[in-house]
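Notes to accompany the following structure.
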Amino acid sequence: MELFTSFFNSPLGCIKLECSSEHLLSVSFIKVDENSPINLHPILQETTLQLKAFFEGKLRTFTIPMNQNGTEFQKKVWNLLYNIPYGKTISYNELAKQYGDIKAIRAVAAANGRNNIAIIIPCHRVIGSDRSLTGYAGGLWRKKWLLDHEAKFYSGVQQLF
């Protein structure tokens with residue numbers, strides 16, 4: 001499978017975008033690597049446009065064809081993550097309930113942590129039962145920023161933290 005790569009300079013730092021010829025595969029925070037190749041694949045161009053609109057407060061739902069390699073369990077959890085509404089948060093406990101097995105909370109949390117498509121599959125919207133910020137591959141400061149950013153553009157919701 002041929003991979004295409006691009007970079008997006010966001011308010012949270014450099015974001016690396018990767019796709020196949022058909023699907024977005026990865027959105028991840030990185031340190032800038034000036035020697036990395038940049039591909040102008042249409043999926044990467046559309047992802048860049050949608051991320052820009054998200055950071056401007058103009059986009060709440062992404063419409064990009066995506067695919068992550070994972071187990072059926074992980075894919076179900078990622079689908080649940082994708083459906084958390086903009087500007088809202090849920091706890092890991094609530095996510096396990098949505099999955100259908102409260103006893104699977106640790107496995108649900110682990111699947112959440114294996115999400116490779118940051119922001120677009122909004123794992124940053126999952127918080128601790130006590131409303132604390134817990135775990136985020138991009139760093140807790142980015143998670144807080146994303147939640148505050150969404151709260152700012154979501155009418156009727158005050159800043160969360």
Side-chain angles (χ1 to χ4, degrees), residues 1-90 92 95 107-127 133-155 157 159-161:
M1 167 175 48
E2 187 174 7
L3 293 178
F4 303 91
T5 304
S6 184
F7 300 89
F8 174 73
N9 289 317
S10 79
L12 298 171
C14 189
I15 297 175
K16 181 178 181 181
L17 310 171
E18 291 182 303
C19 75
S20 67
S21 59
E22 297 177 2
H23 299 99
L24 181 66
L25 302 173
S26 173
V27 174
S28 57
F29 298 102
I30 63 159
K31 293 182 180 177
V32 178
D33 182 356
E34 296 177 19
N35 297 322
S36 297
I38 297 176
N39 303 116
L40 298 177
H41 191 278
I43 291 174
L44 299 177
Q45 290 175 327
E46 182 60 28
T47 302
T48 297
L49 289 173
Q50 290 189 31
L51 282 170
K52 183 177 182 208
F54 170 83
F55 283 112
E56 291 171 350
K58 298 175 182 173
L59 181 82
R60 294 182 178 192
T61 303
F62 293 89
T63 57
I64 299 164
M66 298 174 280
N67 187 31
Q68 293 190 77
N69 287 329
T71 65
E72 288 306 311
F73 174 82
Q74 289 170 327
K75 289 178 181 185
K76 184 172 180 183
V77 171
W78 297 333
N79 188 54
L80 292 171
L81 292 173
Y82 183 74
N83 289 303
I84 301 170
Y86 180 94
K88 302 283 186 178
T89 59
I90 67 170
Y92 291 96
L95 188 59
V108 165
N112 183 51
R114 286 192 170 84
N115 172 34
N116 291 321
I117 302 179
I119 302 170
I120 296 170
I121 296 181
C123 56
H124 62 274
R125 296 180 187 152
V126 183
I127 60 175
L133 296 182
T134 57
Y136 189 64
L140 289 181
W141 72 271
R142 284 188 176 108
K143 184 172 189 164
K144 181 182 182 327
W145 191 98
L146 287 164
L147 293 174
D148 287 344
H149 173 74
E150 290 182 8
K152 181 171 49 174
F153 291 102
Y154 184 76
S155 61
V157 175
Q159 287 195 335
L160 300 171
F161 303 97

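Residue numbers run from 1 in the order of the sequence given. These figures come from a predicted structure and were not determined experimentally. Side-chain atoms are counted along with the backbone in the values below, which use heavy atoms only and exclude waters and symmetry mates.
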Result for side-chain contact (heavy atoms from CB on, under 4.5 Å) between Tyr82 and one of Val77, Ile117, Thr61 points to Thr61
d(Ile120 CD1, Ser26 OG) to nearest 0.5 Å is 10.0 Å
ask   = Do Leu44 and Phe8 have side chains that get closer than 4.5 Å, going by heavy atoms?
value = no
#### Entry: Within-4.5 Å side-chain heavy-atom neighbours: Asn116 and Ile121
no
- Task: Kindly indicate whether the side chain of Trp145, heavy atoms from C-beta on, has any atom under 4.5 Å from the side chain of Pro11.
- Result: yes
query = Strictly by modelled atom types, are Ser21 and Glu2 linked by a side-chain donor-acceptor pair under 3.5 Å?
reply = no
Exercise for the section: Find out whether Phe54 and Phe153 are in side-chain contact, i.e. whether some heavy atom of one side chain is under 4.5 Å from a heavy atom of the other. Expected result: no
Of all heavy-atom pairs linking Phe73 and Ala107, the shortest is CE2-O, 3.4 Å
Can you check whether Leu59's main-chain N or O pairs, donor with acceptor, with Gln50's side chain at less than 3.5 Å? no
So CZ of Arg114 and SG of Cys123: to nearest 0.5 Å the spacing works out to 13.0 Å
Is Trp78 reaching over with its side chain to a backbone N or O of Gly70, donor-acceptor style, under 3.5 angstrom? no
Test side chain to side chain contact (heavy atoms under 4.5 Å, CB included) on Phe62 and Thr47; report intermediate values, then the result. CA-CA 8 Å; Phe62 293 89; Thr47 302; over 6 Å; no
Note: Leu81 and Pro122 closest approach over all heavy atoms is O-CG, 3.2 Å
Does the side chain to side chain contact (heavy atoms under 4.5 Å, CB included) test come out yes or no for Lys143 and Leu146, once each step is laid out?
CA-CA 5 Å; Lys143 184 172 189 164; Leu146 287 164; 5.8 Å; no
- Looking at side-chain heavy atoms only, is the closest gap between Ile127 and Ile90 below 4.5 Å? no
Does any part of the side chain of Val126, heavy atoms only, come nearer than 4.5 Å to the side chain of Thr89, both counted from C-beta? no
Ser10 and Phe55 have their tightest heavy-atom pair at CB-CE1, 3.6 Å
Applying salt bridge (charged side-chain N to carboxylate O under 4.0 Å, His left out) to Arg125 and not counting sequence neighbours gives Glu150
>> Checking the side chain of Asn115 only, and the main-chain atoms of Ala111 only, is there a donor and an acceptor separated by less than 3.5 Å?
In response: no
- request: Decide yes or no for His23 and Met66: does some side-chain heavy atom of the first lie under 4.5 Å from some side-chain heavy atom of the second?
  value: no
Tested for side-chain contact (heavy atoms from CB on, under 4.5 Å) against Phe7, the lone hit among Ile30, Ile15, Leu17 is Ile30
message = A cation-pi test, strictly: NZ or CZ of Arg142 under 6.0 Å from the centre of the six-membered ring of Tyr136 and no more than 45 degrees from its axis. Yes or no?
response = no
dist Leu51:CG -> Glu56:CD (nearest 0.5 Å) comes out at 11.0 Å
Closest non-hydrogen atoms of Leu140 and Gly135, given as atom of the first, atom of the second and distance, are CD2-N, 3.6 Å
Closest non-hydrogen contact found for Ser20 with Ile43 is O-CD1, 4.1 Å
* If you draw a 6.0 Å radius around NZ in Lys75, do more than 12 non-hydrogen atoms from other residues or ligands fall strictly inside? -> yes
**Item:** Check: Val27 main-chain N/O paired with Lys16 side-chain donor or acceptor under 3.5 Å
**Value:** no
Distance col, row Lys76:NZ vs Gln74:CD, nearest 0.5 angstrom, shows 14.0 Å
Review point. How far apart are the C-alpha atoms of Asp148 and Lys152, what are their side-chain angles, what is the distance that settles it, and do they pass the salt bridge (Lys or Arg N to Asp or Glu O under 4.0 Å) test?
Key: CA-CA 6 Å; Asp148 287 344; Lys152 181 171 49 174; over 6 Å; no
ask   = Is a donor on one side and an acceptor on the other found under 3.5 Å between the side chain of Glu18 and the backbone of Leu25?
value = no
Value for NE2 (His41) from CG (Leu24), rounded to nearest 0.5 Å, stands at 10.5 Å
